[in-house]
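Read through the structure below, which is laid out as structure tokens, and then see the notes.
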2 protein chains.
Amino acid sequence: MVTIKDVARRANVSVATVSRVLNQNGYVSEDASRIVLQTIKEMNYRPNAVARTLYKKTSNMIGLIVPDIENPFFPELARAVEDVANLYGYTVVLCNSDQDVEKEQRYVEALKQKYVDGLIMTSHQSQFNDYVDENIPIIALDRIGDERLTTVVANNYEGGRQAAHYLKEKGAKSLAHIRGPKGIASADERYRGFLDYVMENELEYVVEECSFQLSPAERLAARFYDEYPQADGVFASNDVVAAGFLKVALKRGIPVPDQLQLIGFDGISFGHMMYPELTTVAQPIYEMGALASRLCIKLIEGKEIDQSKNDPESFFHQLPVYMVEGDTTKK
Amino acid sequence: MVTIKDVARRANVSVATVSRVLNQNGYVSEDASRIVLQTIKEMNYRPNAVARTLYKKTSNMIGLIVPDIENPFFPELARAVEDVANLYGYTVVLCNSDQDVEKEQRYVEALKQKYVDGLIMTSHQSQFNDYVDENIPIIALDRIGDERLTTVVANNYEGGRQAAHYLKEKGAKSLAHIRGPKGIASADERYRGFLDYVMENELEYVVEECSFQLSPAERLAARFYDEYPQADGVFASNDVVAAGFLKVALKRGIPVPDQLQLIGFDGISFGHMMYPELTTVAQPIYEMGALASRLCIKLIEGKEIDQSKNDPESFFHQLPVYMVEGDTTKK
DNA sequence: TTGTAAGCGTTATCAG
DNA sequence: CTGATAACGCTTACAA
């Protein structure tokens, strides 16, 4: 591997000079600059990022921790984070926490040892108060729990309300909400929104709980349709669960949307892959990821940190959700 | 940040001693060891990975380059790679190449500068002969193009044959293959398999080409059903395209599987999220990722490199595919 | 068994 | 404008 020393030797200058033209700082004469650039090209020299990191204590890497990249919500998010990071010259290190606090902890530790410049952490049950003491910027994405962290979330509460409202408008008389796991903030919020709305409007409703996965959703759906045959408007806490409910309904020959209307949450892309297409409360997934990434970089590069301390708006970013009208609700 | 020096000072030993107990090599007395361990704990010292990397020229990181993490095939793969990497103490750096040769090149460059220990590169059009000269282990995953690279792929050719055979067995008379983009090896192989089988059996068939995405698939499907109303057995080159064809068929009221049978390829998890469930030629996705990861680590740690040079079996790993019978083909 | 010191490849300070 | 040189935090000969 060719180092800065090799270049310096060949160009008959000192390493300091080479470093200067590399970083474009400090004075360096036209001549020197030209010859150095030339030799760099000739020797195909690439500065060693690790050495640089060691000295500068910054790696141009961002750690992204997700509970499970296989959950279709996260690839879209990850993609956005990476796109923006890339734009600014950062590399993203992706980690699966598996919702395991210890595993997450280990990752954070490992990443810090690698001098990652910032961390973006997605939804999780823990409150992770421990992390705020870390000396690197952390963005909470789709995750609430510590007000001291810069946060990016969708308006889950409003989404819950909208779902209930939409079902009511479409004529559903007996609502159901399949809520996500207790303790996961986004699930809790969607539930709260739904509940507030049905209470305010004195609607008939039931609530069941289900993890954000297909198989549990299918099992629950089977039981649910037996138990609550009168339910004609189901709001699932995410699209995967909604898909499970849709699948079981179709399998049983329950007419969707005529007898049973169905709304999901998230707006992940495969909602469009099925037929009937899923009606869903969509989060601006890509925007959320992009924003989180941008904020993280902003914090890293030290811009506007103070401002954000004072301005609540730039501390807590809640993005609006929007209805995507598919075929699982009436026109 | 607490460094090895701090620990040494506090423990009244030299940094060398601390380093020795840290790495468990070289002689160190019971006493010294005890006190060092003690102070490490007290000071909550974590060795700096960057400094270590600089010296050792190894980072315990593996770079994983995928064309697009949003394509549902890759999260499963990535997950497997990461799980195994983790097991052996490696961190995975995920990069999206976007099928862009230059972007991929930039990533490889950037990763090398970070002293990644190995690279796993997934399907791509380029032949990337350039990379074999790199001085780090590279695994080609779901990607063929350079025989000198250790390769992990599914038996795409056989999959293509199986799909055609299955459709024939189920009584389809007029077959169609919606092949993936020319130049992508896996797509080419599936096509070859399909073609060989229909030729050998003198079956009626047509072939269309479509990129591995939903929208193009839907557009093509619409045209396709108009143009080839007699087609009663469609083999799509991946599950996303199959989903697109299924969706349009259902929308048009074409009875699936009675009038039209449909087979996808990949076996991604959302094939189960829809109803009717997709019949598909499944790749052992997780196993492929896990194997690639294991092979990469094996190469990194220098085991069996020579052996693999001689034994073709350990150079080219082709995993078997298997039919997943869903509801889009007859029972 | 332990310590000293020379790297690893950069950057930045400080004289010239 | 340029060049020595001291960091950055760790590992490992080589001495002791």
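Reminder, nothing fancy here: chain letters follow the sequence lines and each chain counts from 1. Computation of the quantities below employed the complete heavy-atom set of this structure, encompassing side-chain atoms and omitting hydrogens, waters and symmetry-equivalent molecules.
- Minimum atom distance to the side chain of Ile4(A) is reached by dT10(C), of the listed dT10(C), dG3(D), dA13(D).
- Residue side chain Arg46(B) does not reach the base of dG9(D) through any donor-acceptor N/O pair under 3.5 Å, judged by distance alone.
- Comparing dC10(D), dA12(C), dT2(D) by their closest approach to the side chain of Ser29(A) singles out dT2(D).
- Within the nucleic acid shown, Val50(A) has no heavy atom closer than 4.0 Å to any nucleic acid atom.
- Asp142(A) and Thr122(A) share no donor-acceptor pair across their side chains, judged by distance under 3.5 Å alone.
- The Arg20(B) side chain lies nearest to dG3(C) when the options are dG3(C), dC10(D), dT11(C).
- For Val15(B), whose side chain is taken as the heavy atoms from C-beta onward, the closest listed nucleotide among dC10(D), dA5(C), dC8(C) is dA5(C).
- Under 4.0 angstrom from either OP1 or OP2 of dG3(C) there lies at least one side-chain N or O belonging to Thr17(B).
- Ranking dA4(D), dT10(C), dG9(D) by closeness to the Tyr55(B) side chain, first place goes to dG9(D).
- Using a 4.0 Å heavy-atom criterion, one finds that Ser19(B) contacts the bases of the nucleic acid, with or without backbone contacts as well.
- Nucleic acid contact class of Ala32(B) (heavy atoms, under 4.0 Å, all strands): sugar-phosphate only.
- Residue Asn23(B) places its side chain closer to dT11(D) than to any other of dG3(D), dT11(D), dC10(D).
- In summary, Lys103(B) and Glu82(A) do not engage in a salt bridge, as defined by a charged side-chain N under 4.0 Å from a carboxylate O.
- Note on Tyr45(A): a side-chain N or O is less than 4.0 Å away from OP1 or OP2 of dT10(C).
- Side-chain proximity of Val28(A) to dT2(D), dG9(C), dT12(D): nearest is dT2(D).
- The phosphate of dG3(C) (OP1 or OP2) has a side-chain N or O of Ser14(B) nearer than 4.0 angstrom.
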